[in-house]
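Fair warning: this is a prediction, and the values are worked out from it, not measured in the lab. So that the names make sense, note that chain A is the first sequence line, chain B the second, and so on, each numbered from 1.
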Amino acid sequence: MTNSAPLSGYLRADGRKGIRNTILVAYLVECAHFVASKIVAGFDGEDVQLIGFPGCYPNEYAAQMMEKLCTHPNVGGVLFVSLGCESFDKVRVSDAVSASGRPVKTLVIQKAGGTAGTVDLGRTWVRDVMAEVMAVERVPMAMDELIIGTICGGSDGTSGISGNPAAGKAFDLLVAQGAACIFEETGELIGCEDIMAERAVTPELGQLLRESVHKAERYYATLGYGSFAAGNAAGGLSTIEEKSLGAYVKSGDSQISGILKPGDVPPTGGLYLMDVVPDGDVRFGFPNISDNAEIVEMIASGAHVTLFVTGRGSVVGSAISPVIKICANPDTYRALAGDMDVNAGAIIEGLKTIDDIGQEIHDLVVSVSNGAQSKSEALGHREFILTYKTFEPAGPACLPAAG
Amino acid sequence: MIGPFLLLHEKDTILVARATVAQGTKIDLEQGPVDLPQAIPLAHKIARHDILSGTKILKYGMPIGIATADIPAGAHVHVHNMRSAYTPTHMLQDADGVSSGVSK
């Protein structure tokens with residue numbers, strides 16, 4: 001165990017520790033979304049959160065993601081809301097949550113008295129288990145038990161100069177303390193594959209890093225668009241490779257220890273690339289239709305906190321794990337200060353260094369892990385999205401430390 | 001640093017604006033002073049020196065695309081005069097970084 005900064009966490013039966021103790025209400029098809037949201041609406045100001053999967057057709061990726069999310073260490077209990085005729089395997093997911101030692105209940109709207117009856121039963125169940133969930137033991141937690149993700153969204157020409165290098169510096173500090181840090185996404189590393197491969201802990205992993213980016217390149221070429229939104233261009237980014245080079249630096253300078261697919265939990269501390277682009281033929285559309293899809297995938301891999309670097313100015317948070325918002329653009333910071341945790345734009349204005357802001361981000365990770373609310377969390381942001389994808393399991397060369 | 005512009009890497013062919021820079025601002029480039037022909041928004045790019053059509057544009061010392069026109073030193077370098085070597089860039093009416101991208 002390395003540097004054990006004094007965190008405290010909620011101890012779960014599998015030995016993992018959470019920094020939050022959330023009750024999830026999860027709808028298993030869009031047809032149950034409204035009823036689930038009505039149940040959550042009965043708990044304003046309490047830590048009861050809505051997640052769900054909209055599709056009526058089965059998908060192994062979505063089934064696995066839902067299991068991982070509902071057994072995330074930040075989660076204390078789960079209520080599933082089913083319409084009744086959708087294809088999602090509610091017995092399998094409920095059994096997985098039950099086996100993890102958490103209270104779980106499934107309500108089927110068609111058998112529970114429709115909208116009003118299900119809302120009543122759901123609110124009663126959540127109220128009844130709250131005391132049990134709150135009684136979970138809090139124990140000391142070391143920095144090497146933390147998993148931190150990073151993404152950038154609403155990027156502009158400042159992201160690669162201030163916010164992303166500062167997030168990379170924070171990652172270097174966290175990795176040195178034994179934490180597991182996850183960066184993504186391969187569609188925004190196009191043009192960086194060779195410099196990234198040189199940082200792999202083994203030559204085989206380096207080759208797999210290259211291949212993951214080439215897969216993303218083929219996937220996006222088929223779709224006809226890069227991972228590039230119109231606002232990126234307005235913010236001064238001219239091409240996907242310019243955006244990629246700016247995004248790449250948020251990985252910092254540490255060696256790369258492995259490649260994760262969404263839902264794979266890092267086996268040790270260190271720096272990991274998450275491969276978010278589906279395997280096989282292009283199916284189901286864009287790999288990540290908006291920033292929250294990537295945030296959810298890192299949470300499924302155990303992320304306790306996500307660092308979100310923005311230039312244009314995203315305001316999102318997330319269900320399950322808090323989001324720390326790092327604003328790269330000083331003008332955006334002034335316009336949206338109420339949504340931003342860190343003003344990395346001060347680097348561009350010459351008021352702070354990349355090291356200063358990197359340390360500030362690191363310290364904020366520690367305080368948020370100890371219960372302080374991030375800005376988006378305090379504002380009540382709990383965005384969530386889960387859609388269809390297909391993945392093959394990661395091979396052993398992706399995670400040399402696990403072997 | 002070159003006035004209000006940043007040189008991110010010695011090999012770069014572009015400079016990045018540290019703040020929005022007004023049209024007509026005099027910038028001392030290596031091949032001589034230029035008056036900015038147009039306002040450059042924060043984090044947008046200008047040509048560090050004359051760039052020939054078809055050549056690579058370098059930022060962070062790395063290629064970020066290919067010039068689609070001859071670009072004189074000091075001119076805005078963006079989606080109107082460069083392209084990706086990978087996938088086309090999607091843009092809307094606000095790509096110049098000045099207009100707000102909503103109908104009047």
Is the shortest heavy-atom distance from the side chain of A:P330 to the side chain of B:L42 under 4.5 Å? yes
Under 4.5 Å between any side-chain heavy atoms of B:T89 and A:F228, yes or no? yes
Find the distance between [atom1] ([X]) and [atom2] ([Y]) and round it off to the nearest 0.5 Å.
| X | Y | atom1 | atom2 | answer |
| --- | --- | --- | --- | --- |
| A:I348 | B:R18 | CD1 | CZ | 8.5 Å |
| A:D194 | B:M62 | CG | CE | 8.0 Å |
| B:I57 | A:E241 | CD1 | CD | 10.0 Å |

Less than 4.5 Å to any heavy atom of chain B: does that hold for the side chain of A:A229, its backbone, both, or neither? backbone
Residue part contacting chain B, namely of A:I195, when any heavy atom lies under 4.5 Å: side chain
Could you report the tightest heavy-atom contact between [X] and [Y], atom names first, then the distance?
| X | Y | value |
| --- | --- | --- |
| B:K45 | A:S238 | NZ-OG, 2.8 Å |
| B:A43 | A:T158 | CB-N, 3.4 Å |
| B:P88 | A:G224 | CD-O, 4.4 Å |

When only pairs under 4.5 Å are counted, which of [options] shares the most heavy-atom pairs with chain B?
| options | value |
| --- | --- |
| A:C192, A:G226, A:A221, A:G231 | A:G226 |
| A:N329, A:V249, A:L237 | A:L237 |
| A:S159, A:G311, A:G246, A:S244 | A:G246 |
| A:G191, A:G345, A:G350 | A:G191 |
| A:A230, A:G157, A:S162, A:A328 | A:A230 |

A:Y388 atom OH, over 12 foreign heavy atoms within 6.0 Å: yes
Hey, is CG on B:D35 packed in by over 12 heavy atoms from elsewhere, all under 6.0 Å? yes
Would you mind checking which part of [X] comes under 4.5 Å of any heavy atom in chain A, side chain (CB onward), backbone (N, CA, C, O), both or neither?
| X | value |
| --- | --- |
| B:M91 | both |
| B:A17 | neither |
| B:V16 | side chain |
| B:L8 | side chain |

Without swapping roles, check the side chain of [X] against the backbone of [Y] for a donor-acceptor pair under 3.5 Å.
| X | Y | answer |
| --- | --- | --- |
| A:T239 | B:I64 | yes |
| B:H78 | A:A233 | yes |
| A:E217 | B:Y86 | no |
| B:H44 | A:A234 | yes |

Any pair with a residue in residues 53-69 of chain B that passes side-chain hydrogen bond (donor to acceptor under 3.5 Å, both in side chains), sequence neighbours left out, goes on the list, sorted by first then second residue, please. A:E242-B:K59
